[in-house]
Amino acid sequence: MKWRLYVVALMVAAFVTTACSDDDDRFTADDVPVKVMETFKAKYPDTIAHWEKERGRIKAEFVVNGQETEAWFETDGMWIGTETDFRGTLPDAVRSLIETEYAGYTIDDVDWVETPSVNYFSIELERHGKPDVRLLIKEDGTLLG
């Protein structure tokens, strides 16, 4: 089960963070499959989105409570996951893990990722002279991967 959550988390992270080299810039709300639009409207009522098609999936970009958000869908309407820019204070368990395991690193970027099977923080750490580190951490401080 833990392995399965890890794989799902990595898949969502890959979908969300991949380069946009094959974006379809001509993709509009009129091009969004009906099932995708129905799923989107059920999850995010009264929300207006910019739509893109990437790597065979549909991506909605929108703002929720002032935070940039991306939601990913299969073309059949299945919701894959949502990534939201995180602003605020990380849970104590998450901060403790970073301070203990990655002393000397600073937090560069934090996103909150929700999927059908697991929710987690995607955190990018940086340290002068060292490669950046990306962590996937559940709210309780459990490291995914």
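Remember, it's a predicted structure, so these values are computed and weren't measured experimentally.
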Closest non-hydrogen atom pair, [X] against [Y]:
X	Y	answer
Glu139	Ala93	O-CB, 4.0 Å
Ile58	Lys53	CD1-CG, 4.1 Å
Ala60	Phe73	CB-CE1, 4.4 Å
Glu114	Trp79	O-CZ2, 3.4 Å
Gln67	Arg87	NE2-N, 3.3 Å

Note, Leu97 side chain near Ile137 side chain (heavy atom, < 4.5 Å):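 In short, these two side chains touch, coming nearer than 4.5 Å.
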Flag side-chain contact, heavy atom, 4.5 Å: Tyr120 against Thr142: no
Verdict with reasoning, Thr84 to Val64, per side-chain contact (heavy atoms from CB on, under 4.5 Å): CA-CA 8 Å; Thr84 303; Val64 175; 5.6 Å; no
For residues 99-110, dump all side-chain donor-acceptor pairs below 3.5 Å to protein atoms at least two apart in sequence or in another chain.
residue	atom	partner	partner atom	Å
Thr100	OG1	Ser96	O	2.8
Thr106	OG1	Glu126	O	3.4

Please output the side-chain donor-acceptor pairs of residues 36-48 that fall under 3.5 Å, not counting sequence neighbours, one pair per line with the distance.
residue	atom	partner	partner atom	Å
Thr39	OG1	Lys35	O	3.0
Thr39	OG1	Gly77	O	2.8
Tyr44	OH	Thr82	OG1	2.7
Thr47	OG1	Tyr44	O	3.1
Thr47	OG1	Pro45	O	3.3

Under 3.5 Å: donor-acceptor pair, side chain of Asp111, backbone of Val113: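 Side chain of Asp111 to backbone of Val113, a donor-acceptor pair under 3.5 Å: no, none is there.
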Listed partners of Arg127 passing side chain to side chain donor-acceptor pair (under 3.5 Å), at least two apart: none
Same apolar cluster (I L V M F W Y, side chains within < 4.5 Å links), Met78/Trp72: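 Per the 4.5 Å side-chain linkage, Met78 and Trp72 are not co-clustered.
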In one Ile/Leu/Val/Met/Phe/Trp/Tyr side-chain cluster, 4.5 Å: Leu125, Leu143: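 Yes.
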Would you compute the distance between atom [atom1] of [X] and atom [atom2] of [Y] and round it to the nearest 0.5 angstrom?
X	Y	atom1	atom2	answer
Glu70	Glu68	CD	CD	8.5 Å
Phe27	Trp51	CZ	CH2	8.0 Å
Leu144	Lys138	CG	NZ	6.5 Å
Glu52	Thr28	CD	OG1	12.0 Å

Over 12 non-hydrogen atoms of neighbours within 6.0 angstrom of CG in Asn65: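 For Asn65, atom CG is not crowded (no more than 12 foreign heavy atoms under 6.0 Å).
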Phe121 vs Leu135, side-chain contact (heavy atoms from CB on, under 4.5 Å): CA-CA, chis, key distance, verdict: CA-CA 8 Å; Phe121 292 98; Leu135 301 175; over 6 Å; no
